[in-house]
Amino acid sequence: MTDLYENQRAMRRMRKQAMDRGVIAILDVGTSKIACLVLRFDGPGRFREADGVGSLAGQSSFRVIGAATTRSRGVSFGEIDTMQETERAIRTAVQAAQKMAGVRVDHVIAAFAGARPRSYGLDGAIELADSTVSEADVARVLASCVVPDFGQGRQALHAHPVNFAIDHRSGLIDPRGQIGNRLAADMHLLTIETSVVQNLLYCIKRCDLELAGLASSAYVSGLSALVEDEQELGSACIDMGGGATTLSVFIKKHMIYADSVRLGGDHITRDISQGLQVSPQKAEWIKTRHGGVVATGMDDREMIPLGGETGDWEHDQRRVSRSELIGIMRPRVEEILEEVRVRLDAAGFDHLPSQKIVLTGGGSQILGLDELASRILGQQVRLGRPLRVQGLPQAATGPAFSTAVGLCLYSASPQDEWWDFDIPADTYPARSFKRAMKWFRDNW
Amino acid sequence: MRKVKAPADAPRRDPAPSRVAYRLERMWLTPFYRRLFRVGLPCAAVALAVTWYFSDEGRRSQITDAIAEARRSVEERPEFMVKMLAVEGASEELSGDIRALVPYEFPLSSFDMDLDATREAIEQLDAVAGAHVRIRPGGVLLVEIEERIPVLVWRKRDGTLLLLDDTGHPVAPLISRGLRPDLPLVVGRGSDTPAAVAEARAIYAAATPLAGRLRGLVRRGERRWDLVLDRDQVIQLPETAPAAALERVIALDEAEDMLGRDLAVIDMRIPGRPTLRMAPGAVEEFRRIKSLEIGGSNG
């Protein structure tokens, strides 16, 4: 666990450094596209970190000065499988964004969707030494959480203290200074596969960049696509990406559950490609241009030319009706949404007071998706777009960029995580020496 | 008919930069290198070229020659040439001296003249109180002189004569007393201080009634004056208010014709106790006359 502390703290230090230098890059490594944004921290909120989160949730402190996307290569299911290809793609995106920004970026905060995230709810409790809760007590209660054995080759990515309770009062955000006898904490721990992180780290190192932070795509797209009262009252954000669909559940402005379904828009494209016997590029074009999930009578008459470059007249002149296309797409979309439903049910989403569901990500742009989703997931479904941040180009305001924008918000004001608290004082050697002194004084 | 065009579904060309290109681009975006390439290297190149060009002796002298030539051609334009010297406010003799003192051969460019040095050289002359030297339009070097006006003739110990102005500054040597009979004569060391000159002039002004008999003033011990008349009569004046003492003597003279008598010295050094010294023969004469009077009355 100390190793994890060290890693995460090193990343936090790096982020601080980048903030001091004023420029940081955001990298969303997705299956279908890699997006890179360059942020400049020079707004009014830059030096106000002591006052907590600045105005506009910290957004006023930064400005997007460079943005670039490139077609992703070598990534599948949100995980890197061909390192050289991915490295090249990251290089392309970073270089284009740097060029637009006109500054060199050295620090990068990255997010990815895959790596099989798994959520754990942790809790711990301590008896308070003196009746007032101090910072050391908070650190102690967090350290007392029982960490489950999450298996070999996995590591913690996020560990948010979600809730504090003193005696019988629960739902405290900040227990410091309060009076009681027993302090309890609930924590949400998200683990991922170490190998995926290492691959990403290696790619970023090869691009001469320093990793200043790592976030789960599920978490950050929730940050950008959910509005404040949805985060407060309880909602799920479903980010339909290219290779994986991630879902995160928020309540009281904390993420309490995250998961990922290894199905996404690329599978729909592959279905079209196989079903209509066209190239994947053509299938992608047909999907974005004519795709949909709810068929009407009109769709039988709308014929889509499939085209082709084979030279065979009959083959190149094929046409398909839109309802046929919908017939191919709909089962796959239904499958994805049902898979999401299963995960949400497993997480106990239906016990939340409000069950708002927000669909975002590139896949959420399929026509008629909200209607289909409300049949499968429940009535309170809406399509979410990322928050508007300053300086973001128009091309990067679509739902496909909710992860990138969420990362911007995350980098501006990251939530306190486990490693941001003090290491419990009783692990310090100085403390044990002090205790030895106390023992001597008591007994002699 | 199908239109021939690039297929809409062709993937966007988005080639990845090579590692080297990527690194170079990042280097270029680093402010230090950017400044180095944009400012540092051009400056260094120019400096190098200039150094190389000037490393050759021949080129250096060629350039200095060209500069000197250009300078000369400007300086020697007729607008800057000075053709003559004019001296204003000086006597004939003094202006001759000044002309001899100005070291320039006319015509000469005004750039080659050092007017301040010329002025200082002219002001070194005793007869010159102050001088202005300037170049008047039309190519004239104009020297305006403020001459010293002699007010006294000073006979020095070795017998040479010197004219003094009202500050005691020497003006010019005098060959013979007869050349300036209008100026009073003073003798003795310390006669050329401004205070002494002022006193001497005041005494002379007071001595107007004695003008015909006046021979000169003698400075005694660098502190007071003796007024010397003909027949070797001396009026010894006090240190303070000598003119007033002299006026008392003149008043006595007018009342009693004192100076017409055979007196050698009238001592006014202590104003409250004027003393007379008779000439040596006069004492004998006085005694003889006295004895005659006594003898006559007796016998």
Side-chain angles (χ1 to χ4, degrees), chain A residues 21-23 25 32-34 38 65-66 68-74 84-106 203 206-209 269 272-273 278-290 304-309 313 316-317, chain B residues 1-67 70-71 74:
Chain A
R21 202 180 285 184
V23 178
S32 60
K33 67 155 184 12
I34 289 182
V38 179
I65 55 170
T69 55
T70 182
R71 186 174 50 84
S72 180
R73 285 87 111 174
Q84 282 74 24
E85 288 285 321
T86 312
E87 182 202 321
R88 251 175 251 148
I90 291 175
R91 223 153 57 195
T92 314
V94 170
Q95 188 179 33
Q98 270 184 164
K99 198 165 188 171
M100 179 173 163
V103 292
R104 177 188 161 142
V105 212
D106 288 322
C203 282
R206 291 267 298 166
C207 293
D208 304 335
L209 298 167
T269 307
I272 295 170
S273 173
V278 290
S279 67
Q281 285 85 31
K282 184 76 191 176
E284 178 73 28
W285 185 76
I286 291 171
K287 179 183 85 173
T288 51
R289 188 72 205 274
H290 304 284
I304 304 161
L306 293 183
E309 304 293 326
W313 173 262
D316 290 355
Q317 292 302 308
Chain B
M1 287 289 290
R2 280 184 64 197
K3 274 187 243 164
V4 178
K5 59 171 188 180
D9 53 342
R12 195 156 58 90
R13 289 271 306 147
D14 193 12
S18 70
R19 243 175 114 71
V20 175
Y22 174 75
R23 286 211 168 137
L24 282 178
E25 165 100 31
R26 280 172 65 80
M27 205 161 145
W28 175 241
L29 286 172
T30 312
F32 170 74
Y33 285 103
R34 219 184 165 95
R35 239 173 279 147
L36 183 73
F37 285 114
R38 281 199 171 157
V39 182
L41 285 188
C43 284
V46 168
L48 201 69
V50 169
T51 316
W52 171 79
Y53 188 80
F54 279 105
S55 61
D56 186 50
E57 179 65 39
R59 287 203 201 93
R60 262 205 313 266
S61 60
Q62 198 180 331
I63 284 173
T64 47
D65 287 353
I67 290 172
R71 197 185 153 83
V74 171

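This structure is a prediction, so every number in the text was calculated from the model and none was measured. For the numbers below, each heavy atom of this structure counts, side chains included, while hydrogens, waters and symmetry mates do not. Letters A, B, ... are given to chains in the order of the sequence lines, protein chains preceding strands, and every chain is numbered from 1.
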Note: A:Val103 and B:Leu29 closest approach over all heavy atoms is O-CD1, 3.6 Å
Bottom line for A:Glu87: the part with an atom under 4.5 Å from chain B's heavy atoms is side chain
Applying a strict 4.5 Å limit to non-hydrogen atoms, the region of A:Arg73 in contact with chain B is side chain
Max heavy-atom pairs within cutoff under 4.5 Å with chain B, candidates A:Arg91, A:Arg88, A:Gln95, goes to A:Arg91
*asked:* Determine whether a donor-acceptor pair (N or O, by modelled atom type, separation under 3.5 Å) exists between the side chain of B:Arg26 and the backbone of A:Gln98.
replied: no
For this session: Inspect the surroundings of CZ in B:Arg71 and state if more than 12 heavy atoms from other residues, nucleotides or ligands are less than 6.0 Å away.
Result: no
Tightest non-hydrogen contact, residues A:Thr92 and B:Pro15, listed as CG2-O, 3.8 Å
Quiz item: Do other residues, nucleotides or ligands put more than 12 heavy atoms under 6.0 Å from the CZ atom of B:Arg35?
Solution: no
